[in-house]
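Lettering follows sequence order; numbering is per chain, from 1.
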Number of protein chains: 2
Amino acid sequence: MDDLAATNGTNTANGTNGVDGGAGSPAESRGSRAQPKTDKSEQTRALILETAMRLFQERGYEKTTMRAIATEAGVSVGNAYYYFSAKEFLIQGFYDRMTYEHAADARNRMAHTRDFSERLEIALASWLDTAAPYHEFSAQFFRTAADPNSSLSPFSNESHPARATAVELFREVLQGSELAPKLDAELVDLLPDVLWLYLMIVVLYWVFDRTPDTERTREFVRRSVPMAARVINLSRYRVFRPIVRDAKGLIQDFILPTIGKTAVK
Amino acid sequence: MDDLAATNGTNTANGTNGVDGGAGSPAESRGSRAQPKTDKSEQTRALILETAMRLFQERGYEKTTMRAIATEAGVSVGNAYYYFSAKEFLIQGFYDRMTYEHAADARNRMAHTRDFSERLEIALASWLDTAAPYHEFSAQFFRTAADPNSSLSPFSNESHPARATAVELFREVLQGSELAPKLDAELVDLLPDVLWLYLMIVVLYWVFDRTPDTERTREFVRRSVPMAARVINLSRYRVFRPIVRDAKGLIQDFILPTIGKTAVK
DNA sequence: ATTCGCGCTTGAACGCGTTCAAGCGATGAC
DNA sequence: GTCATCGCTTGAACGCGTTCAAGCGCGAAT
C-alpha cells in the first residue's frame, strides 16, 4: 500500500528500497498507487515527480499547477493523479531526498571530530545547508506538514522511514562522541529522538526566518547547541538524578509514543 | 457575540488604513477592510463572521464553503470577500475569542492559589478547556497558523494583540505566585514569554492528540508542569548562574525578537 | 430637485485541485 | 485469430476559493 520506498527509489539511485512489506496498518493509505506493475509505470511516475520538483523549485509550490506539471511532463492531468492522489504528495519527494542528502552530508562532515557539541552543531548546520535551496517555498511545505491529518506531517506514520533515518543520524552523532560512554545507557537510548525533536524546533525557527541566508537560524544553532550539550552533560551528576529520571519518564510516556514508538518496552 | 466586533476593533492600530489599494506597501496588509465607515457595514461584517463561525463549528472548516456562508448570512459571496479578503481570515474570530475567554477563565480559576506550579497548570488546563469545542477542526486552523506568511500565525505581527494578552496572563501566573519574589528580576521579566511558548508546545501536542477529550495532552500538562517549575526553581541557586545567564541571553537574542519584541532594550 | 461621490453590494466568471467514466493497448487464454 | 482482462491513460467536468466590472443607495453639494 505504501509507496515510500518507491518514492525514495525514484531519486538518486540508492538502495534503501525494500520496505514495502504490504502489511498495511491503516486501511486508507494515501499518496499514490500501490505496487507498480510495469516498468513503464515506474518511469511515468518518476517523470511526473521529477517534473513537479523541478517546477516547484522554478516557480514555487502554489504557482505550479497540476496542469502545468502534466503538460510539462507530457502526460494528462488524470495521469498525474493516478500516481499521486493529491498535489501535496508530490512534496514527499523533497522530504525524502532531503532526509537522505542530509544524513549523508552530516555523516561526512562530522567524521573528523568526537566532540559531542561539535558533532551536534555540524548535524544541524548540515541540515540548514541541505535545505537551503528549498527555503523559498518551505512555508508551503511546512504548512501541509503541520496538518496532523496529512501523511506529510513529520509525526505521521507515513513519515516513519524518513524519520527513522534522521533519528538514526542523531544516534550516530551521540554514539560517535566521547560523551556517549559517560552517560546513562537508558539516556543514550532516548536522546536521539530528543535531538531529532531539537532539529524540528530548528526547522520551525528556520521556516520563519527571513534573514539573508537564514543567518539568524545558524546563529541560533551556534548559540543553543553548547547549552544543550551542557545540560546533557549535567545529567551525569548525582544531584540531578531525580530530575533526570522524571525527564526520561516524560520522554518515554509523551514524546516517543507521539513519534511512533510504542510506550511498551 | 458582542466581543466579536470588539475584538476586531482591537487591531485599529494605525496607518494600515486606507483601502488596500493604497500604496504598494509591504505585502498584504490585513485580512479585512480597514475602518468601517458606517454602522450597517459593521453589522454586515459581524453577521458574516458569526455565520461563518457557526457553520465552521457545525460542519468543519473545509466543508463550509464561502457560498454557504454567504447564502446563510443572506449576502453575496463578493460581499463576504469585501469584509474578509480570504476564507482563512474568518478564523481570526476564533483566535481572538479563545484568547479572551481563556484569559478570563484562567484568571478566575487560579485566583485561589499562590503556588506557581498549580497556577501554571491551571492556566494551561484552562486553555485546553476553552479550546475543546474547536479541537475537531483545529487541524485546519493550525495548518494555516503554521504558515509564516499568514497573518494568522501566532508569531505574526497581526497576532500581536492576542499574543500580548496571552503573555500578560502568564505574567500574572508568575507574579501572583510566591515564587516570583524569589527570582531574579530579569528572569521574571523574560519568563512570561517563555511560558507562552510552553503553551504553544502544549497546543502543538493538543492538535496532534487523538485521544478522547485530549486526555493525553492533559496528562502531559500534569506531568510536565511540575518539572518546568522545578527547573525554574533551580535557577535560584548560585551554581546555575552561568547557565541561567546563557539561557537568558538565548531568550533575549533569539526568542523575543521572533515574537515581536525588539532585541534592543 | 438634481447630481455627484463613495461606501457597500452583486453574481457571473476565472483558475485551480480533483474526480470519473470512458478508452487504449499489451498480454494471455482458447 | 478472437476475445477478455487489466494496468495505464485521457480530458471534460465539477466544486470551490477568489476576483472584478458593474450597479445600488444614500447623504452632501450645487
Side-chain angles (χ1 to χ4, degrees), chain A residues 1 3 6 28 30-49 51-52 55-56 59-92 140 143-144 147 149-150 152, chain B residues 17-22 28 30-49 51-52 55-56 59-91 140 143-144 147 149-150 152:
Chain A
M1 302 282 266
D3 63 299
E28 283 286 294
R30 305 140 204 274
S32 71
R33 278 207 42 68
Q35 285 298 355
K37 298 289 161 82
T38 65
D39 270 1
K40 196 170 157 234
S41 170
E42 219 160 330
Q43 271 183 328
T44 309
R45 182 199 168 80
L47 172 64
I48 293 168
L49 184 55
T51 307
L55 293 185
F56 285 165
R59 321 177 180 177
Y61 179 78
E62 301 216 285
K63 283 184 189 153
T64 304
T65 70
M66 288 300 282
R67 285 167 180 80
I69 294 169
T71 304
E72 194 82 4
V75 300
S76 67
V77 223
N79 204 6
Y81 276 93
Y82 180 74
Y83 290 101
F84 301 92
S85 65
K87 188 184 178 185
E88 58 171 334
F89 288 104
L90 286 163
I91 305 184
Q92 188 91 39
Q140 190 56 46
R143 200 185 152 110
T144 68
D147 187 346
N149 301 317
S150 168
L152 281 159
Chain B
N17 290 354
V19 204
D20 7 326
E28 298 281 78
R30 276 248 318 293
S32 67
R33 281 207 46 69
Q35 290 296 355
K37 296 291 161 81
T38 65
D39 270 2
K40 195 170 156 235
S41 171
E42 220 160 325
Q43 271 183 329
T44 308
R45 182 198 168 80
L47 173 64
I48 293 168
L49 185 55
T51 307
L55 292 185
F56 285 165
R59 322 176 180 178
Y61 179 79
E62 300 215 286
K63 284 185 188 154
T64 304
T65 70
M66 288 301 281
R67 285 167 179 80
I69 294 170
T71 303
E72 195 81 4
V75 300
S76 68
V77 225
N79 202 6
Y81 276 92
Y82 180 74
Y83 290 102
F84 302 91
S85 66
K87 187 184 179 186
E88 59 170 334
F89 287 105
L90 286 164
I91 306 183
Q140 189 56 46
R143 199 186 153 110
T144 67
D147 185 347
N149 301 318
S150 168
L152 281 160

Rounded to the nearest 0.5 Å, how far apart are OG1 of A/Thr44 and OH of A/Tyr83?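 The distance works out to 4.0 Å.
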Atom pair NZ (A/Lys63) and CZ (A/Phe56), whose distance is rounded to the nearest 0.5 Å: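 Reported to 0.5 Å precision, the distance equals 14.0 Å.
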The criterion is salt bridge (Lys or Arg N to Asp or Glu O under 4.0 Å); which residues satisfy it with B/Glu72, sequence neighbours excluded?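 Residues passing salt bridge (Lys or Arg N to Asp or Glu O under 4.0 Å) with B/Glu72: B/Arg54.
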Between [X] and [N], is there a contact of a side-chain N or O with OP1 or OP2 at under 4.0 Å?
X: A/Tyr83; N: D/dT9; answer: yes
X: B/Lys40; N: D/dG25; answer: no
X: B/Tyr82; N: C/dC8; answer: yes
X: B/Thr44; N: C/dC8; answer: no
X: A/Ser76; N: D/dG11; answer: no

Which residue lies toward the 5' end of DNA chain D, B/Lys87 or B/Gly78, if each is placed at its nearest nucleotide?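 First, find each residue's nearest nucleotide; the 5'-ward one identifies B/Lys87.
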Quick one: is the NZ or CZ of A/Lys87 closer than 6.0 Å to the six-membered ring centre of A/Tyr61, and within 45° of its axis?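 Checked: cation-pi criterion met.
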Begin with the C-alpha distance, continue with both residues' side-chain angles, and end with the deciding distance and a verdict on side-chain contact (heavy atoms from CB on, under 4.5 Å) for A/Gln92 and A/Phe84. CA-CA 10 Å; A/Gln92 188 91 39; A/Phe84 301 92; over 6 Å; no
How close or far is atom [atom2] of [N] from atom [atom1] of [X], stated in whole angstroms?
X: A/Asp39; N: C/dT27; atom1: CG; atom2: P; result: 12 Å
X: B/Phe84; N: C/dC8; atom1: CZ; atom2: P; result: 13 Å
X: B/Asn79; N: C/dG7; atom1: CG; atom2: P; result: 15 Å
X: A/Phe89; N: C/dG17; atom1: CZ; atom2: P; result: 15 Å

In residues 62-71 of chain A, what residues come within less than 4.0 Å of DNA chain C, judged by heavy atoms?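 Hits under 4.0 Å, by residue number: A/Thr64, A/Thr65, A/Met66, A/Arg67.
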[X]: side-chain contact (heavy atoms from CB on, under 4.5 Å) partners, not counting sequence neighbours:
X: B/Thr65; answer: B/Arg67, B/Ala68
X: B/Ser150; answer: B/Glu88, B/Asp147, B/Leu152
X: B/Thr71; answer: none

Are any protein N/O atoms closer than 3.5 Å to N/O atoms in nucleotides 22-26 of chain C? If there are, list each pair with its distance.
none

Ignoring the backbone of [X], work out which of [options] is nearest its side chain.
X: B/Ser41; options: C/dC8, D/dT9, C/dT9; result: C/dC8
X: B/Val75; options: C/dT10, C/dT9, C/dT19; result: C/dT10
X: B/Tyr81; options: D/dT18, C/dT9, D/dT9; result: D/dT18

Do you know which two heavy atoms are closest between A/Ile48 and A/Ala80, and how far apart they sit?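 Looks like CD1-CA, 3.8 Å.
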